[in-house]
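What follows is a set of notes on a single structure, which appears directly below.
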Amino acid sequence: MERNGGHYTDKTRVLDIKPLRTLRPVFPSGNQAPPFVCAPPFGPFPPGFSSFYPFSSSQANQHTPDLNQAQYPPQHQQPQNPPPVYQQQPPQHASEPSLVTPLRSFRSPDVSNGNAELEGSTVKRRIPKKRPIARPENMNFESGINVADRENGNRELVLSVLMRFDALRRRFAQLEDAKEAVSGIIKRPDLKSGSTCMGRGVRTNTKKRPGIVPGVEIGDVFFFRFEMCLVGLHSPSMAGIDYLVVKGETEEEPIATSIVSSGYYDNDEGNPDVLIYTGQGGNADKDKQSSDQKLERGNLALEKSLRRDSAVRVIRGLKEASHNAKIYIYDGLYEIKESWVEKGKSGHNTFKYKLVRAPGQPPAFASWTAIQKWKTGVPSRQGLILPDMTSGVESIPVSLVNEVDTDNGPAYFTYSTTVKYSESFKLMQPSFGCDCANLCKPGNLDCHCIRKNGGDFPYTGNGILVSRKPMIYECSPSCPCSTCKNKVTQMGVKVRLEVFKTANRGWGLRSWDAIRAGSFICIYVGEAKDKSKVQQTMANDDYTFDTTNVYNPFKWNYEPGLADEDACEEMSEESEIPLPLIISAKNVGNVARFMNHSCSPNVFWQPVSYENNSQLFVHVAFFAISHIPPMTELTYDYGVSRPSGTQNGNPLYGKRKCFCGSAYCRGSFG
DNA sequence: GGAGTATCACGACG
DNA sequence: CCGTCGTGATACTC
């Protein structure tokens with residue numbers, strides 16, 4: 001999938017489906033350019049949001065090239081002002097205890113939160129302390145985004161704004177689920193987070209413009225209207241047509257900048273490059289009958305854009321049947337070809353606009369439509385080796401695909417969905433379940449499982465992880481809560497994955513479905529061992545997960561200062577695992593063994609413990625860092641192995657050369 | 001019991 | 001400062 005200079009014009013070949021966001025940037029200089037896997041949510045970060053990776057100031061001035069918009073129209077200038085680095089970190093060294101001390105079990109357990117029953121157990125855990133945020137600090141909350149960057153964004157800023165919005169949204173959703181909200185209920189966490197970000201300046205591209213929006217790429221996916229609002233792709237929080245008033249020849253007139261197709265009426269059988277769009281207005285309301293649409297506002301703007309041959313951005317709203325979620329895909333620029341009036345369902349006049357996608361843009365919506373066809377099996381996925389490499393072990397099939405060479409599959413291994421614990425692995429302890437009937441109610445502090453999580457329910461109602469934590473405690477089969485939502489990582493893979501052959505990094509993993517930030521992807525399955533009891537050589541194998549590696553810290557959780565709630569707390573995002581765990585997936589494993597390393601990953605791992613055969617085990621669970629467009633390779637940070645002995649403060653280098661191609665690539669890993 | 005439908009509460013921008 | 005634009009989650013129906 002990393003063939004350089006792929007053709008974007010031949011829409012008839014299902015074969016040529018690219019990820020919605022191209023993997024490889026088109027650099028003018030040709031093929032020495034590194035592949036670009038997924039732009040990281042690196043800086044600029046506000047105070048409290050550390051940059052994803054340590055980088056020097058010279059690196060900090062680099063910009064991720066605006067990828068797949070480079071060809072059409074001619075790319076705008078890169079932003080003149082590099083985004084500021086708010087919290088520049090020195091390179092992390094092995095000598096830093098926070099990084100090289102995987103075992104925190106010596107820390108005295110905090111029994112102040114009613115966790116006394118855990119004392120003396122093998123797994124000692126620290127319950128994050130509630131730390132109310134001082135008011136004055138809240139009042140002075142700074143988004144850290146300066147005026148220029150707020151007007152004209154860039155890729156890093158766009159990703160950072162989206163991350164911060166969603167972190168806050170998840171937190172509001174969690175508070176709402178628990179009915180803990182300080183000031184009333186939060187029925188719409190997306191609106192609450194969105195308006196908070198708006199008000200606090202966590203936004204970019206506020207200067208409204210037609211055409212390209214700096215930092216937003218064709219194929220980017222969104223799950224909320226507000227996300228498009230915050231990054232300047234489409235500013236109305238509800239309306240489908242965004243427009244700008246410009247000076248015309250005689251008077252001011254509106255021209256359209258972007259439209260969001262709801263996906264319900266705007267269907268055009270067959271050709272994904274054509275959109276028949278319905279104008280706005282005229283719908284029945286609670287105190288209004290439906291009526292004829294008028295040629296004003298957005299409708300007028302589209303009409304004027306048609307006259308001026310002014311292209312508009314199109315965002316396709318889609319209903320993803322698989323996980324019952326509506327998503328929005330930015331599908332690039334379209335030209336308005338014609339308009340007419342038509343009787344709508346209610347019998348009133350509606351405006352119709354025919355839009356045709358500008359040529360030369362990477363596919364986005366077209367890829368999505370092709371994927372929907374693969375799901376039906378006709379035509380079958382091109383390059384398909386196996387329709388389900390799990391042989392039905394996973395509830396959703398995992399395709400095995402090779403479109404780059406003649407390799408017909410990875411070396412033999414046994415596919416399993418459960419971790420195998422070796423005899424020597426003595427993390428076993430009696431498990432304390434809860435006694436909630438049917439389901440554990442968020443906010444119910446009588447539930448042992450919720451108390452183990454520091455009082456918070458770790459997931460939102462639809463199974464999205466709210467915050468990274470040293471450890472997540474899930475309910476277990478022995479808990480009576482049969483329908484409980486606190487079992488997310490035990491329910492198996494929920495997205496439609498495929499294992500595919502990469503150009504230069506062996507086999508990789510990606511998804512046919514768009515993945516929401518915080519979604520569970522899979523656990524790392526393999527033979528788990530206590531690292532202190534195995535020879536060093538085992539850790540050097542491919543297909544091994546090692547919790548004792550040194551991992552770059554990054555901030556994913558909400559900012560308490562932004563949330564501005566007394567109930568918000570600062571908590572550690574560093575994993576805290578009671579034993580040095582190493583999992584070998586060489587002989588037995590699941591899809592996780594195919595996930596490649598990246599220095600700018602889109603997936604992170606999180607320790608999760610739950611019971612298995614009446615004993616508590618630690619699992620490594622993977623979650624999406626940000627929204628991941630379909631067909632984008634899934635990658636996580638493998639970290640760097642920590643050789644025995646002291647490091648004397650020298651930086652660590654991985655044993656394997658990195659081909660992740662990120663602008664912030666560290667060169668090696670593992 | 002999964003797909004359609006009702007209901008509810010909300011924000012930006014012109 | 002008020003009207004215009006639907007949305008997203010959930011409870012409900014069939």
Side-chain angles (χ1 to χ4, degrees), chain A residues 150 165-166 168-170 172-179 181 183-203 205-209 222-246 252-266 277-302 304 315-328 344-346 350-351 439 441-442 459-464 483 485 516 627:
Chain A
R150 214 173 294 177
F165 161 81
D166 202 59
L168 188 58
R169 186 196 62 79
R170 295 190 306 267
F172 283 139
Q174 182 181 53
L175 290 170
E176 162 65 11
D177 288 346
K179 294 283 188 285
S183 49
I185 53 172
I186 309 164
K187 273 274 166 62
R188 292 287 302 269
D190 57 319
L191 299 186
K192 173 95 173 166
S193 175
S195 64
T196 305
C197 290
M198 279 279 181
R200 300 300 190 93
V202 180
R203 59 185 299 192
N205 291 316
T206 55
K207 199 182 104 189
K208 199 179 270 195
R209 74 202 79 203
F222 303 90
F223 285 78
F224 299 93
R225 290 288 302 258
F226 243 116
E227 294 177 324
M228 298 183 280
C229 194
L230 291 171
V231 300
L233 183 63
H234 184 84
S235 54
S237 57
M238 297 171 86
I241 307 168
D242 195 7
Y243 60 94
L244 182 65
V245 176
V246 298
E252 292 195 330
E253 62 182 33
I255 58 161
T257 55
S258 56
I259 60 170
V260 178
S261 99
S262 71
Y264 294 123
Y265 332 96
D266 325 308
Y277 189 75
T278 306
Q280 64 187 187
N283 291 325
D285 208 311
K286 58 176 181 295
D287 43 27
K288 199 178 68 184
Q289 290 285 328
S290 59
S291 57
D292 286 348
Q293 292 186 341
K294 297 188 187 72
L295 191 57
E296 58 185 23
R297 306 175 215 281
N299 300 341
L300 181 61
L302 284 171
K304 296 288 183 186
I315 298 110
R316 298 273 196 161
L318 311 165
K319 186 106 170 149
E320 191 118 77
S322 47
H323 41 101
N324 201 26
K326 187 164 182 186
I327 65 170
Y328 299 94
K345 274 183 192 151
S346 63
T350 57
F351 290 97
L439 80 168
K441 220 174 160 299
Y459 305 104
T460 63
N462 49 9
I464 302 286
T483 57
K485 297 270 179 64
R516 235 194 231 214
H627 303 329

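Labels below follow one simple rule: chain letters A, B, ... track the order of the sequence lines, proteins then strands, and each chain is numbered from 1. Atoms considered below: every heavy atom in the structure, side chains included; atoms not considered: hydrogens, waters and symmetry mates.
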Can A:Ser235 and A:Lys208 be counted as having a side-chain donor-acceptor contact under 3.5 angstrom? yes

In whole angstroms, how far is the C1' atom of B:dG14 from the NZ atom of A:Lys294? 16 Å

Residues at least two apart in sequence or cross-chain that pass salt bridge (charged side-chain N to carboxylate O under 4.0 Å, His left out) with A:Lys485, listed by chain then number, are none

Using only side-chain N and O atoms of A:Tyr243, determine if any of them is under 4.0 Å from OP1 or OP2 of B:dA12. no

Nucleotide nearest A:Lys326 (side chain, heavy atoms from C-beta), chosen from C:dA9, B:dA9, C:dT7: C:dT7

Is the phosphate of C:dG6 approached by A:Arg225 (side-chain N or O, under 4.0 Å from OP1 or OP2)? no

Comparing nearest nucleotides in DNA chain C, the 5'-proximal residue of the pair A:Lys187, A:Arg297 is A:Arg297

Take atom CE of A:Met238 and atom P of C:dG6, then tell me their distance rounded to the nearest Å. 8 Å

Of the listed B:dA12, C:dT7, B:dC10, the closest approach to the A:Met198 side chain comes from B:dA12

For the pair made of CG in A:Leu230 and C1' in B:dG11, what is the distance, rounded to whole Å? 11 Å

With nearest nucleotide decided by heavy atoms, which residue, A:Gly281 or A:Pro189, maps closer to the 5′ end of DNA chain C? A:Gly281

Where the side chain of A:Ser195 is concerned, which of C:dG6, C:dG8, B:dG11 is the nearest nucleotide? B:dG11

Can you check whether A:Asp177 reaches A:Thr460 side chain to side chain, under 4.5 Å on heavy atoms? yes

What is the distance, to the nearest angstrom, from the CZ atom on A:Phe222 to the P atom on C:dG8? 13 Å

Here's a test for you: under side-chain contact (heavy atoms from CB on, under 4.5 Å), which of A:Asp190, A:Thr196, A:Val202 qualifies with A:Leu168? A:Thr196

Is a donor-acceptor pair below 3.5 Å formed from side chain A:Arg188 to base C:dT7, judging by atom type as modelled? yes

For A:Glu176 and B:dC10, what is the distance between atoms CD and P respectively, to the nearest whole Å? 10 Å

Please round to the nearest 0.5 Å and tell me the distance separating atom CZ of A:Arg203 and atom CE of A:Met198. 4.0 Å

Atom NZ of A:Lys319 and atom P of C:dT7: how far apart are they, to the nearest Å? 12 Å

How long is the line joining NZ of A:Lys192 and C1' of B:dC10, in whole Å? 12 Å

Do the side-chain N or O atoms of A:Asn283 get closer than 4.0 angstrom to the phosphate oxygens (OP1, OP2) of C:dC5? no

Would you classify A:Gly194 as touching base, sugar-phosphate or nothing, given that sugar-phosphate means primed atoms plus P, OP1 and OP2, and contacts are heavy atoms under 4.0 Å? nothing

What is the nucleic acid contact for A:Lys208, judged by heavy atoms within less than 4.0 Å: base, sugar-phosphate only, or nothing? sugar-phosphate

Counting side-chain heavy atoms from C-beta on, which of C:dT10, C:dG6, C:dA9 comes nearest to A:Gln280? C:dG6

Nucleotide B:dC13, atom P - distance to CG of A:Leu300 in whole Å: 20 Å

